[in-house]
Amino acid sequence: MHPRKIIIDTDPGQDDAVAILLALASPEDVEVLGITCVAGNVPLPLTTKNARIVCELAGRPDMPVYAGCDRPLDRDLVTAEHVHGKTGLDGPSLPDPVMPLAQGHAVDFIIDQLRTYAPGTITLCPLGPLTNIATALQKAPDIAARIAKIVLMGGGYFEGGNITPTAEFNIYVDPQAADIVFKCGAPIVVMPLDVTHKALVTAERNNAFRALGTPAGIAVAQMTDFFERFDKEKYGSNGAPLHDPCVTAYMIRPDLFTGRHINVEIETQSELTMGMTVADWWGVTDRAPNATFMGAIDADGFFTLLTERLARL
Ligand code: BDR
Ligand code: CA
């Protein structure tokens with residue numbers, strides 16, 4: 001089954017950028033059919049621009065990059081410039097992209113690709129709010145049965161939330177979309193904060209990126225230099241968590257992660273806990289399992305993989 005066909009749905013974001021670079025550096029493991037952008041960390045015009053900056057940094061100006069939904073299904077957009085800076089990709093100084101956006105809407109691209117390839121062929125890799133994926137499922141319910149897997153970054157259980165006490169950013173921004181996705185019936189793998197907060201870029205790990213001496217290695221180190229200040233101040237941690245690369249690393253080395261197949265439901269009613277991933281980690285309900293919720297990562301293995309693969313770009 002190698003390489004696996006994937007669509008990366010994203011709102012770059014420095015950690016999204018690293019996730020994309022890892023995938024584009026790993027053609028023997030993943031074939032990226034396209035990159036679909038959504039509003040999230042920053043508004044859509046910036047996420048579509050940043051995705052193309054990253055493709056050009058990876059030497060892939062041929063990659064189709066689509067614009068998708070510019071706001072959540074049923075709520076005002078919440079953004080995260082306080083984490084990612086006003087461009088969403090603050091840190092390195094990278095040139096504006098020359099490559100154009102692909103024609104058409106991201107949602108139609110997702111539907112079209114899932115209908116074109118055999119059922120069970122395409123894995124969706126959402127790295128931002130789930131608006132594009134939910135919209136595709138609403139518009140074309142037949143695609144649910146054709147999705148090989150959805151491997152997403154979102155939620156948290158033991159770690160709680162990062163944008164509210166109970167909600168992680170990607171799920172909080174569009175809880176209605178997350179609810180649709182978690183109920184769609186496709187196999188789901190979740191990389192929650194419980195995992196990503198263990199994937200910390202320590203000074204030593206960031207020096208390894210910088211020491212690659214390549215434009216991609218140096219840019220990744222500079223991105224981390226920028227966004228680590230937020231998590232260091234907030235959590236007193238050793239460095240920034242690389243949330244989204246856990247998704248693309250899973251597509252390459254699933255053995256780096258362990259978790260449980262459990263029921264996960266999304267809070268969509270209470271303003272107090274809006275966007276909470278109610279994860280039945282301890283199996284205290286009889287609700288049917290619908291997701292593999294990861295809890296642990298081999299962080300050294302993850303950073304070794306990332307550094308080796310970034311070195312190829
Ligand atoms: C998630 O939110 C964004 O800020 C990151 O890119 C990541 O996808 C972490 O909560
Ligand atoms: Ca993201």
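Just follow the structure's listing: the first ligand is 1, and inside any ligand the first atom is 1. One-based numbering along the sequence shown. The structure presented is a predicted model; accordingly, all values stated were derived computationally and were not measured.
Between the Ca ion (ligand 2) and the N, O or S atoms of Asp244, the shortest distance is to OD2. Closest approach between the Ca ion (ligand 2) and any N/O/S atom of Asp11 involves OD1.
Between the side chains of Glu81 and Thr79, a donor-acceptor pair is found at a separation under 3.5 Å. Donor-acceptor pairing under 3.5 Å is lacking for the side chains of Asn50 and Thr47. In summary, the side chains of His2 and Glu28 do not present any donor paired with an acceptor at a separation below 3.5 Å, with no hydrogens or angles considered. Judged by distance alone, the side chains of Thr285 and Asp280 do bring a donor and an acceptor atom under 3.5 Å apart.
With Met191 as the partner, the side-chain contact (heavy atoms from CB on, under 4.5 Å) test is satisfied by one option alone out of Thr248, Leu152, Val247, Ile297: Val247. The only option from Asp16, Asp244, Asn41 that meets the side-chain hydrogen bond (donor to acceptor under 3.5 Å, both in side chains) definition with Thr10 turns out to be Asp16.
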Inventory of protein N or O atoms under 3.5 Å from ligand 1 N or O:
unit_1: ligand 1; atom_1: 2 (O); unit_2: Asn170; atom_2: OD1; d: 3.4
unit_1: ligand 1; atom_1: 4 (O); unit_2: Asn41; atom_2: OD1; d: 2.7
unit_1: ligand 1; atom_1: 4 (O); unit_2: His84; atom_2: NE2; d: 2.7
unit_1: ligand 1; atom_1: 6 (O); unit_2: Asp15; atom_2: OD1; d: 2.6
unit_1: ligand 1; atom_1: 6 (O); unit_2: Asp15; atom_2: OD2; d: 3.2
unit_1: ligand 1; atom_1: 6 (O); unit_2: Asp16; atom_2: OD1; d: 2.9
unit_1: ligand 1; atom_1: 6 (O); unit_2: Asn41; atom_2: ND2; d: 3.1
unit_1: ligand 1; atom_1: 6 (O); unit_2: Asp244; atom_2: OD2; d: 3.2
unit_1: ligand 1; atom_1: 8 (O); unit_2: Leu127; atom_2: O; d: 3.0
unit_1: ligand 1; atom_1: 8 (O); unit_2: Asn170; atom_2: ND2; d: 3.0
unit_1: ligand 1; atom_1: 8 (O); unit_2: Asp244; atom_2: OD1; d: 2.7
unit_1: ligand 1; atom_1: 8 (O); unit_2: Asp244; atom_2: OD2; d: 3.0
unit_1: ligand 1; atom_1: 10 (O); unit_2: Asn162; atom_2: ND2; d: 2.8
unit_1: ligand 1; atom_1: 10 (O); unit_2: Glu168; atom_2: OE2; d: 2.4

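Residues Asn170 and Met153 share a closest heavy-atom pair of ND2-O, 3.0 Å.
The Ca ion (ligand 2) has no N, O or S atom of Asp15 inside 3.0 Å of it. Counting backbone and side-chain atoms alike, Gly128 contributes no N/O/S atom closer than 3.0 Å to the Ca ion (ligand 2).
Interatomic distance, OG of Ser93 versus CD of Gln222, reported as 8.0 Å (0.5 Å rounding).
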